[in-house]
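Have a look at the structure below, then the notes.
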Number of protein chains: 2
Amino acid sequence: MKTSADQRPRTVTASDVARRAGVSRSAVSRAFTPEASIHPRTREQVLAVARELGYRPNALARSLVKSKQGPSSGLIAVVMGEFDNPFQPHFFSQLTQALQAQGRVAMLVMPDAQGSLDDALERLIAYQVEGAIIAAGSLSPEATNAFLALGTPAVLLGREDPRGRVSAILTDNRAVGERAADYLLRQQRKAPAFIGGRADGQASHERQQGFIETLSRTGFNTVPCLSNPDYSYASGYRAAQQLLRDHPDTDALFCACDALALGAMDALRAAGKTSPEQFSLIGCDDVPQAAWPGYQLTTLAQPVQQLVTQALDHLITSIASQRTDSPEVLRLTPEFVQRQS
Amino acid sequence: MKTSADQRPRTVTASDVARRAGVSRSAVSRAFTPEASIHPRTREQVLAVARELGYRPNALARSLVKSKQGPSSGLIAVVMGEFDNPFQPHFFSQLTQALQAQGRVAMLVMPDAQGSLDDALERLIAYQVEGAIIAAGSLSPEATNAFLALGTPAVLLGREDPRGRVSAILTDNRAVGERAADYLLRQQRKAPAFIGGRADGQASHERQQGFIETLSRTGFNTVPCLSNPDYSYASGYRAAQQLLRDHPDTDALFCACDALALGAMDALRAAGKTSPEQFSLIGCDDVPQAAWPGYQLTTLAQPVQQLVTQALDHLITSIASQRTDSPEVLRLTPEFVQRQS
DNA sequence: TTGAAAGCGATACCAG
DNA sequence: CTGGTATCGCTTTCAA
């Protein structure tokens, strides 16, 4: 008699089903292959027995043999930065769901504080991921290298590869800056300023460029620009305080992302600048909080759904074509979202 | 001459390394097995060649053979609900990082609107996940069943299995309600109320129970309790409006989660109840926004780090012991976080 | 349409 | 310590 400890049933294999159904292992395999040449009746029989026994093809074994024909693990690596900005989770959940809808499985890597990114990547690669979506902010280059070395297709999401070696799908950040400037100009503001994220942050930098260039075309030659160690609410708050101290006449502000903008808004309020008449503020991303009644932040929305769809399409295509050369960069247009009025 | 299309190098296998290093495949395998009995010099040689050729053991193949000895895919399924509450992403990122630190890989499932949960679960199961962490809110039962049927260890995180068939790690929600009540009583409030999430929501319900029972012990027998279709900011806002309409004398409010509480706070402010003297508010979770200067929400923090650690420990243990019977429920104590004063 | 047999890439057992 | 061999679970020729 067995002990109660080995309650876990041995995995049911194709052989088990074959034996029970009185057919060969091949037949079982065929029953689970849509286009296989197999008699309908045989298939039904097999599937019936399979259901009865609770058999499911082992994806590990399947991928192993199919790897002869090309990659087919069905696994996609998702490299995601930390959720320090409320925009990231939103982005991430869209991405996951899109992958899922495609019948693929997301294997996740999040660089933690220890910087164990490399280990984690190695592990994913060992699982023969077919491709990678990289949305890891500043850690993207490392991740990019890892996949590039393997010839595994990868797509950057939300940022661009400085060396242009892999495709990238992102929001047109210069356009973001330009439209932010347009908005503030339309409001007849006299003293606009900018609060950005990390000085080396690509997106932040491009938004700043678009912003100040547009302004300079209208005669604003010196626009105060502050940068921060990150893209957080707290940084926005601090930066706005500093801005008010150093440039008390400021009457319009563009922040590189909503998190910064929300922080800035609270700092402005704390300083008594509560009315939209005295001060214009605009952010970028369109995080859920921006729509909260307490904030009503005007912002430039990133086209999340499009970004995700395009990135996935692109990745799937390059997996299918087995080409990682000829990288492309796709810049999608942000959408202006007017609030607070 | 090959065309430029087949630029992707064929995967390097152990045989390639063996041949090049002048040893057997077994030797290569041993070189990559920490405790294997192999001459240090041989190992170094092999590793050198491996590095040179860019060889990495194929995890798929490895898991396949190791499955003889027991589960060893290194894969853990993470079933996560939608990120409709800012607490979820926070939770999720902690979980992922913890898994990663353990050298495991997270395979993610997020039930999307279409309810394709079953398909996605089937897929994960096919990949021979060793265990599952289920933090999917209301969809947990389905997910639980799927893993239970396979005898795959699973742990519920943040909620409990109504039928008590799998282990669960969660915050002590009754204690949350009790301490919330204590706080409001300490403030000498006369007319406390409660705003919860879904009426059938387990956590919300337990928090409510703890809350009203504690209050009733002090003589409050009829406490207005509102429920909502979800746990969102918007619902909190609406519910608070309704509360102020139906019970204008309310002077203290406990919300089942911070998202609801933040919404309620904005509704209170919009109604002119701005001062902490006139109105006490307390939430639960301790999401990042609760600490923002604009809110300064007093709340009962869920011990995220502990929850994650315990859940993982528990899962690993039951994977190792191969037992899915004798489920346990662990309730961790919330931490009171006093703000706004 | 079907079954037998040959792998996919790696590990573990067994002699040497 | 080392190399040969069986095996993991599945798909895929190749004949029949």
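Computation of the quantities below employed the complete heavy-atom set of this structure, encompassing side-chain atoms and omitting hydrogens, waters and symmetry-equivalent molecules.
Contact check for V304(B) versus L95(B): no side-chain heavy atoms found under the 4.5 Å cut-off. By the 4.5 Å heavy-atom criterion applied to side chains, L99(B) and M107(B) are not counted as neighbours. The side-chain heavy atoms of V166(B) and F147(B), taken from C-beta on, include no pair separated by under 4.5 Å.
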In sequence, state the C-alpha distance, the side-chain angles, and the governing distance for V308(B) and F91(B), and then conclude on side chain to side chain contact (heavy atoms under 4.5 Å, CB included).
CA-CA 8 Å; V308(B) 166; F91(B) 210 160; 3.7 Å; yes

For the pair E130(A) and L75(A), evaluate side chain to side chain contact (heavy atoms under 4.5 Å, CB included) and give the outcome as yes or no after the intermediate values.
CA-CA 6 Å; E130(A) 292 182 50; L75(A) 268 23; 5.8 Å; no

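In this structure, S63(A) reaches neither bases nor backbone, as no heavy-atom distance under 4.0 Å exists between it and the strands shown. Backbone-only contact: I38(B) has heavy atoms under 4.0 Å from sugar-phosphate atoms and none from a base. Among the atoms of the strands shown, only primed sugar atoms or phosphate atoms (P, OP1, OP2) are found under 4.0 Å from some heavy atom of R56(B).
Listed by chain and number, the residues in a ring pair (Phe, Tyr, Trp, His ring centres under 6.0 Å) with F92(A) are F83(A), F92(B) (sequence neighbours excluded).
The separation between R43(A) atom CZ and dG3(C) atom P is 14 Å, rounded to whole Å. Note: CG (N58(B)) to P (dG7(C)) measures 18 Å, nearest angstrom.
Within the structure, no pair that satisfies the side-chain hydrogen bond (donor to acceptor under 3.5 Å, both in side chains) test touches residues 31-49 of chain A, not counting sequence neighbours.
For the helix from dT1(C)-dA16(D) to dG16(C)-dC1(D), the axis fitted to the five pairs at one end and the axis fitted to the five pairs at the other end meet at an angle of 40° (nearest 10 degrees).
A distance of 5.0 Å separates CZ of R104(A) from CD1 of I319(A), quoted to the nearest 0.5 Å.
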Taking N or O atoms only and anything under 3.5 Å, show me the protein contacts with nucleotides 11-14 of chain C, one pair per line.
unit_1, atom_1, unit_2, atom_2, d
dT11(C), OP1, R62(B), NE, 3.2
dT11(C), OP1, R62(B), NH2, 3.3
dT11(C), OP2, S29(B), OG, 2.7
dT11(C), O5', S29(B), OG, 3.4
dA12(C), N6, S26(B), OG, 3.2
dC13(C), N4, R30(B), NH2, 3.4

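Q100(A) contributes a side-chain N or O that, together with a main-chain N or O of M110(B), makes up a donor-acceptor pair within less than 3.5 Å. Although no hydrogens or angles enter the test, the distance criterion places no donor-acceptor pair under 3.5 Å between the side chain of Q88(B) and the main chain of G81(B).
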Report, one line per pair, each donor and acceptor closer than 3.5 Å where one atom sits in a side chain of residues 18-28 of chain A; sequence neighbours left out.
unit_1, atom_1, unit_2, atom_2, d
R20(A), NH2, E52(A), OE2, 2.4
S24(A), OG, S26(A), N, 3.4
S24(A), OG, A27(A), N, 3.3

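For DNA chain D, the outermost nucleotides in 5' to 3' order that have an atom under 4.0 Å from a heavy atom of chain B are dC1(D) to dG9(D).
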